[in-house]
Amino acid sequence: MKRYLAAILAVITVFLCFGICARAGGDTGAPSDVSDGGSVEEPVTPTDAETKPTKPTKPTKPEKEDTSRYAEMYLISYWNVASPHVFVYFKNLTKHEITVGAYKVPVGGSVSIATLGVSTADGDGVGIYYNVELYRIGVDHKYPMVVTLMRVISKEDLENATDFILNNNKWEFFLFNCGWFAAKIWNLAGGDYLVPITMFPTILRIEMLFHHPIEKIELDKVERNQVMRQVGQGKSAYLKVASDKSMG
């Protein structure tokens, strides 16, 4: 009997050992290849766009500026009371601001320049003025007996004209009047040569008639605060708004 019980206990002990070993072998702590959803995750392969470096874009070359066509220059004479008045008018042809004398001309803008004496003597005095003609013509609508010469000038031509303007801020009735000033600018900026007769602007006007004057020109209008007086000469020259007394 005792042997029979011992045999039964031995069999039960063997089965218990197998069960414990099987449970221990199934709980090893190793990570499972199966996710909670039961599907297997495959590794992500980067796309061609992600693996290939992008080529840097080449900077576009700036458009080369044509320095041979920097501005239009006009030499203009019209009858003013008892005698002609002569002035120079510049129109900006570039895609940026340009400098004429001491004046900054914006893209598509323009400026008139002349020396004045009699009409400005009790105002800002004699010398160089900017845009007086454009303002007076715009207000009075008087622009009689016009004679006009025109040429397209280069950057170098304009620099020559600017240098002369900055260094000749003067006016004198016989020697250094508006005719002399305008003719000198015209010649220095490459216009067909005109003898800068200083005594009477009428003589310069007659000269202009022999140099193929153009038939018509549309002048820009300016605001009152764009009428300027040049103060000083050379590199120290600067502009100020002309006084009402100088408007004439």
Side-chain angles (χ1 to χ4, degrees), residues 69-80 83-94 97-117 119-120 127-166 168-169 171 177-194 196 201 204-205 207-209 211-230 239 242 246-248:
R69 295 181 57 85
Y70 229 62
E72 290 177 349
M73 177 179 67
Y74 298 82
L75 182 66
I76 303 174
S77 170
Y78 70 97
W79 205 263
N80 183 31
S83 68
H85 174 58
V86 187
F87 66 96
V88 188
Y89 177 74
F90 293 89
K91 186 91 175 173
N92 186 356
L93 295 180
T94 72
E97 181 182 79
I98 63 173
T99 301
V100 181
Y103 192 90
K104 305 295 184 182
V105 183
V107 176
S110 60
V111 63
S112 69
I113 304 176
T115 52
L116 297 169
S119 64
T120 59
I128 297 174
Y129 286 80
Y130 299 76
N131 291 328
V132 167
E133 293 77 20
L134 301 185
Y135 181 76
R136 287 177 176 174
I137 293 168
V139 171
D140 299 335
H141 304 291
K142 294 179 181 179
Y143 192 45
M145 301 174 66
V146 180
V147 178
T148 304
L149 302 181
M150 189 277 282
R151 77 179 301 269
V152 175
I153 64 174
S154 67
K155 181 180 181 181
E156 183 179 0
D157 293 334
L158 183 60
E159 289 172 349
N160 292 336
T162 288
D163 183 67
F164 176 81
I165 293 166
L166 290 177
N168 287 275
N169 188 12
W171 178 91
N177 55 30
C178 66
W180 172 83
F181 181 77
K184 289 288 286 184
I185 293 174
W186 176 262
N187 292 339
L188 286 168
D192 294 337
Y193 185 77
L194 297 170
L204 178 61
R205 180 183 174 90
E207 280 191 78
M208 292 172 63
L209 292 172
H211 287 269
H212 309 290
I214 63 175
E215 293 183 1
K216 190 177 181 181
I217 175 178
E218 294 290 336
L219 298 176
D220 292 340
K221 294 181 181 180
V222 297
E223 300 297 327
R224 172 66 182 82
N225 61 1
Q226 292 176 286
V227 182
M228 314 295 287
R229 167 74 163 104
Q230 181 172 313
L239 300 180
S246 295
M247 292 300 96

Would you confirm whether [X], through its side chain, and [Y], through its main-chain N or O, come within 3.5 Å as a donor-acceptor pair?
X: Asn92; Y: Pro106; result: yes
X: Asp163; Y: Leu166; result: no
X: Trp186; Y: Asp192; result: yes
X: Asn187; Y: Leu194; result: yes
X: Arg205; Y: Pro84; result: no
X: Asn169; Y: Gly127; result: no
X: Tyr130; Y: Ala102; result: yes

Step through the shown structure and confirm whether more than 12 heavy atoms of other residues, nucleotides or ligands are within 6.0 Å of [atom1] on [X].
X: Arg224; atom1: CZ; answer: yes
X: Glu156; atom1: CD; answer: no
X: Lys91; atom1: NZ; answer: yes

Could you walk me through whether Glu159 and Ile153 pass side-chain contact (heavy atoms from CB on, under 4.5 Å), step by step? CA-CA 10 Å; Glu159 289 172 349; Ile153 64 174; over 6 Å; no
Does either side chain, that of Arg136 or that of Ser112, offer a donor lying less than 3.5 Å from an acceptor on the other one? no
Taking side chain as C-beta onward, heavy atoms only, is [X] less than 4.5 Å from [Y]?
X: Val139; Y: Met247; value: no
X: Asp157; Y: Tyr70; value: no
X: Gln230; Y: Thr115; value: no
X: Pro213; Y: Met208; value: no
X: Pro201; Y: Cys178; value: yes
X: Phe181; Y: Ile165; value: yes
X: Glu97; Y: Val105; value: no

Roughly how far, to the nearest 0.5 Å, is [atom2] of [Y] from [atom1] of [X]?
X: Ile137; Y: Leu134; atom1: CD1; atom2: CG; answer: 6.5 Å
X: Ile98; Y: Leu158; atom1: CD1; atom2: CG; answer: 5.0 Å
X: Thr94; Y: Arg69; atom1: OG1; atom2: CZ; answer: 12.0 Å
X: Ser154; Y: Met73; atom1: OG; atom2: CE; answer: 10.0 Å
X: Asn177; Y: His85; atom1: CG; atom2: NE2; answer: 10.5 Å
X: Ile128; Y: Phe164; atom1: CD1; atom2: CZ; answer: 7.5 Å

Under the criterion side-chain contact (heavy atoms from CB on, under 4.5 Å), I'd like the reasoning laid out for Tyr143 against Ile217: C-alpha separation, chi angles, the key distance, then a yes or no. CA-CA 11 Å; Tyr143 192 45; Ile217 175 178; 3.8 Å; yes
Considering all heavy atoms, the nearest [X]-[Y] contact:
X: Phe87; Y: Ala114; value: CB-CB, 3.6 Å
X: Ser246; Y: Tyr129; value: OG-OH, 3.7 Å
X: Gly108; Y: Asp220; value: O-OD2, 4.4 Å

Mutual orientation of the aromatic rings belonging to Tyr89 and Tyr74 [parallel < 30°, tilted 30-60°, perpendicular > 60°]: tilted
Residues 98-107 vs side-chain hydrogen bond (donor to acceptor under 3.5 Å, both in side chains), sequence neighbours excluded, gives Thr99-Lys104, Tyr103-Asn131
